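All remarks here apply to the structure that follows.
Not measured: the values here are computed from a predicted model.
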Amino acid sequence: MSRYNFKATEKKWQKTWEEKRCFHVEPDPKKEKYYVLEMFPYPSGRIHMGHVRNYTLGDVVSRYKKAIGFNVLHPMGWDAFGLPAENAALANNIAPAKWTAENIRTMKQQLKGMGLSYDWTREISTCDPEYYKHEQKMFLDFMDADLAYRKQSWVNWDPVEKTVLANEQVIDGKGWRSGAQIEKKRLSQWFLKISKYSEELLTDIKKLTKWPDRVRTMQENWIGRSEGLKIDFPVVSSDEKIEVFSTRPDTLFGATFCALSPTHPMSEKLALKDPEIAKFVDECNRIGTSEAAIETAEKVGILTPLEVEHPLIEGKKLPVFIANFVLMEYGTGAIFGCPAHDQRDFEFAIKYGIEIIQVVKPKSPTVLKLPLSEAYSGQGVLINSGFLDGLDIEGAKKQVAEKLIASGSAKKEINFRLRDWGVSRQRYWGCPIPVINCDDCGIVKVPESQLPVTLPEDIEFKKTSNPLVNHPNWKNVSCPNCAKPATRETDTFDTFFESSWYFARFCCPDSSKPLDLGSLKYWMPVDQYIGGIEHAVLHLLYSRFFTRALKECGHIEISEPFTGLMTQGMVCHETYQDKAGAWLFPDEVHKGPTGKWEKDDGSSVEVGRSQKMSKSKKNVVDPEKIINEYGADTARLFMLSDSPPDRDLEWTDSGVEGAWRYINKLWKMVSEPHLDINQRLESEPDIKDSVLKNTLKSIHKTINNVSKELESFHFNKAVALIRELTNELESIDPDKPDASFVYRKGIETATLLIAPMLPHLAEEMWEKLGADHLVLDTPWPSYEPALLEDHTCTIVVQINGKIRGSMELPIDLPEAEVQTIAMKIENVQKLLDNKTVQKMIFVPNKIVNFVV
RNA sequence: GCGGACGUGGCGGAACUGGUAUACGCGUUGGACUUAAAAUCCAAUGGCUUUAUAGCUAUGAGGGUUCAAGUCCCUCCGUCCGCACCA
């Protein structure tokens with residue numbers, strides 16, 4: 001018998017959809033809109049399984065929403081600027097623009113082969129000057145709105161390559177190519193004032209009820225609002241003071257030292273005079289710029305000659321340290337240390353022999369064991385704290401604040417962990433920052449008439465430094481203001497800049513203005529955004545901020561870009577290593593005759609646990625290979641049927657084969673049916689047979705249940721429900737009257753329900769069923785509410801919570817009646833004999849539980 | 001280090017507001033078809049005792065609340081994601 005010819009079929013329907021422009025949409029005021037968006041890919045070369053998963057999820061949502069009547073916008077484009085293009089340029093001597101364009105061409109072909117329902121007429125590529133010119137205009141508007149500014153900031157500096165490295169290019173404090181110990185270097189850079197919206201971004205995230213809770217919590221913690229006190233510690237025999245931010249001013253009487261960040265201005269001043277301190281500060285500057293690197297580094301400090309006065313204890317002086325774990329970016333860049341009640345301070349105090357004073361006493365045990373083995377940060381009552389003694393923490397905070405504020409040595413402050421967004425990158429392959437530096441006029445904006453500032457293409461790539469810096473023709477210009485010789489800004493934007501507004505541009509890809517308000521009004525916001533959990537904070541938070549900034553500049557009228565968010569887990573695969581420990585591709589190994597994994601030459605293979613697919617571990621499967629061997633529908637079905645979208649998915653060959661088998665089964669049900677499917681459904685016959693009647697009910701229930709599962713994005717459950725239905729249809733007895741009616745009804749329903757997941761197969765089945773129009777143009781099936789209701793239910797009988805029997809009873813039977821029937825069950829009767837029922841629990845239509 | 005999640009058969013997973021744990025699929029075993037294999041179809045399938053009936057036991061580990069816990073609470077273990085210049 002012949003198998004389903006996916007190659008011809010998939011090509012046929014892809015062609016049909018394209019010719020009929022099935023996915024092209026325009027605003028239609030008569031129809032409700034739905035905007036589905038998947039995170040656009042970085043064109044790294046070829047699509048990988050993560051893309052296949054992401055875009056399959058989006059496609060199912062898009063096709064389902066279209067079927068239930070929405071005007072669906074579903075666009076795709078390219079996040080085309082970024083570091084890999086520069087790495088490729090260095091490695092293979094190919095221009096980033098050329099490399100990127102080639103990758104886009106390949107990946108677009110691959111995506112088209114998946115049968116995704118994109119409106120390709122809206123395609124955008126962020127490295128296209130037609131795209132980034134608008135971004136430059138937006139930046140100029142941000143400058144005018146006081147949302148962009150320049151300040152000194154740190155970068156990772158590779159002293160051998162003489163270039164700035166990204167955090168991922170710093171491995172264990174060393175440059176990834178040069179291996180040289182990296183240094184921190186201060187550069188003047190552009191920042192966007194995301195901090196202006198800290199409060200708003202925090203309060204508004206509570207309203208995003210269609211976002212996963214974990215993403216909302218992560219953003220809340222990232223923004224990190226904390227209320228506290230900014231306290232002055234006067235420096236002994238000096239006019240200066242150290243400002244310290246603390247959320248625990250109640251522990252002030254337990255303060256035994258102060259510590260400054262190594263990059264605190266006072267630390268730098270001290271370093272100028274003291275070579276020991278200078279050496280220490282230098283060493284701190286060797287730790288990378290990433291927070292993880294700083295926080296995991298051993299906590300070290302150095303004592304300075306400074307002392308500060310305790311603001312509450314007359315005559316008490318505290319030593320001042322410089323400590324590597326104090327961050328300049330948070331609070332004031334200085335802390336007071338209370339070792340008894342802060343674990344980091346505690347460890348620091350032990351290490352440097354600093355006094356530890358307990359000031360909070362837990363309610364129980366009443367005495368903390370001394371010496372303390374760790375800091376106590378729980379609730380309790382103040383001790384050793386003068387006028388605060390006996391108060392609880394909250395009360396003490398209030399009293400301290402009042403006293404210090406009254407004396408003028410402190411003020412209340414709300415602090416955010418969120419820092420302003422640094423958007424300058426010392427790289428070539430990014431959007432040029434449209435400003436000119438003039439010795440006389442300072443920073444001058446590039447006039448709008450001269451936009452876009454495009455990237456020069458006659459460049460030379462060297463390991464050392466940005467080609468823009470070494471390009472005199474591009475860099476040297478005359479000042480737009482005074483016409484004197486000036487230089488362009490050679491930094492380019494962070495690539496998060498492009499991805500912070502692309503979703504809005506999709507609504508009006510051809511607009512001459514950055515954004516067309518009319519189109520945006522119809523399409524925005526994105527109703528369902530889908531992408532990896534790794535973007536939970538940065539990309540999503542930047543986009544939320546950027547939308548607000550655009551609103552402030554009149555480019556958009558909404559604040560929140562994404563109403564719904566679905567985060568998808570990763571695609572994983574087993575890992576394989578040969579005897580020497582070298583990673584092997586899944587293609588290079590197979591199961592030998594004894595069931596053990598081996599290489600093609602018969603040597604044994606170590607099978608490792610399943611991990612995220614990555615090129616470095618070679619545990620990758622090329623989507624194109626799967627699509628060539630089994631077809632796009634099989635790949636899509638596998639992606640959807642096993643794991644729920646937010647969990648990691650394990651790629652297995654047997655799972656793929658299972659999906660392929662089911663596709664063939666469906667196809668056979670219409671091409672070689674054991675029942676006549678040509679009987680058209682005009683009016684429903686009155687079905688007498690109870691089995692067929694139940695099957696008909698199953699069909700209606702499946703419509704209802706699958707719709708519910710699709711609404712809540714439980715695609716794996718939707719697939720399971722459809723499989724159950726087709727299993728039931730297969731067992732229809734062809735000899736019964738009306739059997740072929742029920743069968744046809746069932747198969748039609750299954751075809752329509754599976755269509756969002758298996759669009760090619762569904763069209764083919766639909767055609768075989770004799771339809772004269774596409775599934776795409778067919779509305780979602782509807783169900784008969786009366787057929788969803790059951791007349792009987794299974795009630796479980798328990799004794800002391802253990803199941804001892806069950807019974808099939810009419811629905812909504814009263815308690816007493818159910819009880820009587822339950823007691824008559826043989827097994828129950830036996831077990832209840834000689835026992836008194838103390839209590840009976842009855843859950844209607846579910847359970848009777850006898851407690852004896 | 002900090003923040004966030006996850007953990008259910010041999011495997012991926014299902015179980016709505018605490019109420020029949022293991023739906024659906026994969027794998028395995030047995031059978032049918034075949035000269036044979038593949039494909040397909042049928043049946044069985046958490047573990048233990050048992051012919052079956054039936055019983056005991058099981059949702060990372062340990063404790064608790066409850067008539068009843070995968071679900072709620074506490075402690076611990078393991079795995080994964082993010083940490084501001086990867087995208």
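Residue A/Glu291 has its side chain nearest to B/A84 when only B/C26, B/C56, B/A84 are considered. Of the candidate nucleotides B/G25, B/G27, B/A87, B/G25 has the atom lying nearest to any side-chain atom of A/Arg723. Nearest to the side-chain atoms of A/Arg647 among the listed nucleotides B/U40, B/A14, B/G4 stands B/A14. Taking every side-chain heavy atom of A/Glu295 into account, B/G1 is the closest of B/G1, B/G19, B/C24. Closest to the A/Ile533 side chain, of the nucleotides B/C81, B/C67, B/A87, is B/C81. Of the candidate nucleotides B/C80, B/G4, B/A84, B/C80 has the atom lying nearest to any side-chain atom of A/Asp648. Taking the side chain of A/Arg425 as heavy atoms from C-beta on, and the options B/C85, B/G13, B/C80, the nearest nucleotide is B/C85. Proximity note for A/Lys846 (side chain, C-beta onward) versus B/C16, B/C41, B/A84: the nearest is B/C16. For A/Val164, the listed nucleotide lying nearest its side chain is B/C85; candidates were B/C67, B/C56, B/C85.
Here A/Gly422 lies in heavy-atom contact (under 4.0 Å) with sugar-phosphate atoms only. If you check every strand for non-hydrogen atoms under 4.0 Å, A/Ile847 touches a base. As judged by a 4.0 angstrom heavy-atom cut-off over every strand, A/Asn849 is placed among the base-contacting residues.
For the pair A/Asn827 and B/U53, the criterion of a side-chain N or O lying under 4.0 Å from OP1 or OP2 is not met. Between B/U40 and A/Asn664, no contact under 4.0 Å exists linking OP1 or OP2 to a side-chain N or O. One finds no side-chain N or O of A/Arg804 lying less than 4.0 angstrom from the OP1 or OP2 phosphate oxygen of B/C67. Contact check, A/Asn727 against B/G25: a side-chain N or O comes under 4.0 Å of OP1 or OP2.
No hydrogens or angles considered: nothing links the side chains of A/Asp648 and A/Ser643 as a donor-acceptor pair under 3.5 Å. Side-chain atoms of A/Trp211 and A/Gln219 include no donor-acceptor pair closer than 3.5 Å.
In this structure, A/Tyr131 has its ring center under 6.0 Å from that of A/Trp501.
Nucleotides B/A44 and B/A52 have their P atoms positioned 15 Å apart, rounded to a whole Å.
A donor and an acceptor atom sit less than 3.5 Å apart, one in the side chain of A/Gln426 and one in the base of B/C85. Judged by atom type and distance alone, A/Glu534 does not reach the base of B/C80 through any side-chain donor-acceptor pair under 3.5 Å.
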- Task: Toss me the dot-bracket line for RNA chain B: Watson-Crick and G-U wobble, both under 3.5 Å, 5' to 3', using | for pairs to another strand and [ ] for crossers.
- Result: (((((((..(((......[....)))((((((.......))))))((((....))))..(((((..]....))))))))))))....
